Amino acid sequence: MSRAIYVPPKERDRLLANVLADKGYGARNHALLTQMYGTGIRLVEAAKILTKDLVGRDGQVKKRDDDDLLSADITFNGIPRPYPIQDETVIDAMQKWVDWRLANGWGVINGALDMEAEFYLKNATDGFKLKRRIVDKQVMHSAEGMRKLVNQLHKINGIDGNVETPLKTWTLNLYEKHHSINGIWILRGDKSIETVRRLCKNHPQKLAKMVEKII
């Protein structure tokens, strides 16, 4: 089974450009990957999030501030957490998908977006199916169809990483930009801050630089 890897900026940009070039579902897939790589949203959260969470009545993707929470019914662990979206690249990619939906009638009622529909749709009317399971007496969800899609998009573009790859890459990108471990932990929503601490400590580029200094 593939593992989560860190994708350098040039490889990430190549992936996103290739995905967008697909004349079929390029707008959707590009928006999904851009949102995952650009905001740290997890796969199951992307499958759950609704149009109204991201788009205004005017059909424009909304900027989200630090106090805009991802609700408990969306988050992977059922705990609300801050979910800001300020990056214009992310917003632009999501807007392309919204415009595609409107032009092609996906998740549209009487010419307007169905705000209660999932943001990411697998066809004109349905979101990606969620599978419900019980783990340690807690209800968990997985999005197998979306997982297969994301894995496939990485594979055909020569990136050997699983669906956690965008989250790992986003985390390490924030760390490179000198965001605090605590701040990253809050945005990720992990149970323990040690998860983030270990991830940043083992950043492949950081380790490579340490080796260079030794040599």
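Everything numeric here is computed off the predicted structure, so don't read it as measured data.
Residues Leu172 and Leu199 have side chains in contact (heavy-atom distance under 4.5 Å, counting atoms from C-beta outward). Contact check for Asn162 versus His154: no side-chain heavy atoms found under the 4.5 Å cut-off. Residues Met115 and Leu113 have side chains in contact (heavy-atom distance under 4.5 Å, counting atoms from C-beta outward). With contacts defined as side-chain heavy-atom distances shorter than 4.5 Å, the pair Thr34/Val19 does not qualify. Looking at heavy atoms from C-beta onward, Tyr83 lies out of side-chain contact with Asp68 at the 4.5 angstrom threshold. Side-chain contact between Arg28 and Leu149 is present, with at least one heavy-atom pair separated by less than 4.5 Å. Between Thr165 and Tyr6 the shortest side-chain heavy-atom distance does not fall below 4.5 Å. Looking at Phe128 and Arg147, their side chains never come closer than 4.5 Å, going by heavy atoms from C-beta outward.
Here Leu174 contributes atom CG and Ser180 contributes atom OG; the two are 9.5 Å apart, rounded to the nearest 0.5 Å. To the nearest 0.5 angstrom, Arg81 atom CZ is 8.0 Å from Leu187 atom CG. With values rounded to the nearest 0.5 angstrom, Ile91 atom CD1 is found 12.0 Å from Lys96 atom NZ. Taking CG from Asp114 and CD1 from Ile109, the interatomic distance works out to 3.5 Å, rounded to the nearest 0.5 Å. Atom-to-atom distance recorded for Thr171:OG1 and Ile181:CD1 is 9.5 Å, nearest 0.5 angstrom. Atoms CZ and OG, on Arg198 and Ser192 in that order, are 6.5 Å from each other to the nearest 0.5 Å.
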(request) Just do the side chain to side chain contact (heavy atoms under 4.5 Å, CB included) check on Leu121 and Asp126 with the steps written out, would you? (result) CA-CA 6 Å; Leu121 302 170; Asp126 303 311; 6.0 Å; no
(request) Report the C-alpha distance between Thr195 and Arg188 in whole Å, list the side-chain angles of each, state the deciding distance to 0.1 Å, and finish with yes or no for side-chain hydrogen bond (donor to acceptor under 3.5 Å, both in side chains). (result) CA-CA 10 Å; Thr195 301; Arg188 282 176 52 109; over 6 Å; no
(request) Applying side chain to side chain contact (heavy atoms under 4.5 Å, CB included), run through Ile193 and Asn182 and close with a yes or a no. (result) CA-CA 7 Å; Ile193 195 173; Asn182 187 69; 3.9 Å; yes
(request) Check the pair Lys155 / Asn151 against side chain to side chain contact (heavy atoms under 4.5 Å, CB included), numbers first and verdict last. (result) CA-CA 6 Å; Lys155 185 177 180 179; Asn151 280 338; over 6 Å; no
(request) Could you go through the side chain to side chain contact (heavy atoms under 4.5 Å, CB included) check for Ile159 and Arg14 one step at a time? (result) CA-CA 10 Å; Ile159 296 176; Arg14 179 184 63 83; 4.1 Å; yes
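Judged by distance alone, the side chain of Asn77 and the main-chain N or O of Gly189 form a donor-acceptor pair under 3.5 Å. Remark: side-chain polar atoms of Trp97 are paired, donor with acceptor, to backbone N or O of Phe119 under 3.5 angstrom. Between the side chain of Lys62 and the backbone N or O of Lys52 there is at least one donor-acceptor pair closer than 3.5 Å. For the pair Arg64 (side chain) and Leu69 (backbone), a donor-acceptor distance under 3.5 Å is present. Of the possible donor and acceptor atoms, one in the side chain of Gln95 sits under 3.5 Å from a partner among the backbone N and O of Val61. Judged by distance alone, with hydrogens and angles left aside, the side-chain atoms of Tyr175 form no donor-acceptor pair with the main-chain N or O of Ile184 at under 3.5 Å. Checked by atom type and distance alone, the side chain of Asn173 pairs as donor or acceptor with a backbone atom of Thr169 at under 3.5 Å. Put simply, the side chain of Glu164 never gets that close to the backbone of Leu43: no donor and acceptor are under 3.5 Å apart. Judged by distance alone, the side chain of Glu118 and the main-chain N or O of Lys48 form no donor-acceptor pair under 3.5 Å. One N or O on the side chain of Asn123 and one on the backbone of Thr125 form a donor-acceptor pair closer than 3.5 Å.
When all heavy atoms are compared, the tightest approach of Asp87 to Thr89 is OD1-N, 2.8 Å. Taking both residues in full, the closest heavy atoms of Leu54 and Met94 are given as CD1-CE, 3.6 Å, listed atom of the first, atom of the second, then distance. Between Ala31 and Ala93, the shortest heavy-atom distance links the atoms CB-O, 3.5 Å. Residue Gly111 comes nearest to Leu102 through the heavy atom pair O-CD2, 4.1 Å, listed as atom of the first residue, atom of the second, then distance. The minimum heavy-atom distance between Leu167 and Gly40, with the atom names listed, is CD1-O, 3.3 Å.
No side-chain donor-acceptor contact under 3.5 Å links Asn157 and Glu11.
Ion pair Arg197/Glu194 flagged as a salt bridge, since at least one NZ, NE, NH1 or NH2 atom sits closer than 4.0 Å to an Asp/Glu carboxylate oxygen. Salt bridge annotation for Lys129-Glu144: absent, with no cationic side-chain nitrogen under 4.0 angstrom from a carboxylate oxygen. Salt bridge present: Asp190 and Arg42 bring a charged side-chain N and a carboxylate O closer than 4.0 Å. Note on Glu88 versus Lys63: salt bridge recorded, some NZ/NE/NH1/NH2 to OD/OE distance being below 4.0 Å.
Under the 4.5 Å side-chain heavy-atom criterion for ILVMFWY residues, a single connected hydrophobic cluster contains both Tyr120 and Val108. Note on Ile5 and Leu153: same hydrophobic cluster, where clusters join Ile, Leu, Val, Met, Phe, Trp and Tyr whose side-chain heavy atoms are under 4.5 Å apart, directly or indirectly. Taken together through direct or relayed side-chain contacts under 4.5 Å among Ile, Leu, Val, Met, Phe, Trp and Tyr, Leu32 and Phe76 form parts of separate hydrophobic clusters. Note on Ile85 and Val55: same hydrophobic cluster, where clusters join Ile, Leu, Val, Met, Phe, Trp and Tyr whose side-chain heavy atoms are under 4.5 Å apart, directly or indirectly. Neither Leu16 nor Leu20 shares a network with the other; the hydrophobic side chains, linked directly or stepwise wherever heavy atoms of I, L, V, M, F, W or Y lie under 4.5 Å apart, form separate groups for each.
Ring-centre distance between Trp106 and Tyr25: below the 6.0 Å cut-off.
Heavy atoms from other residues, nucleotides or ligands lying under 6.0 Å from CG of Asp160 number 12 at most.
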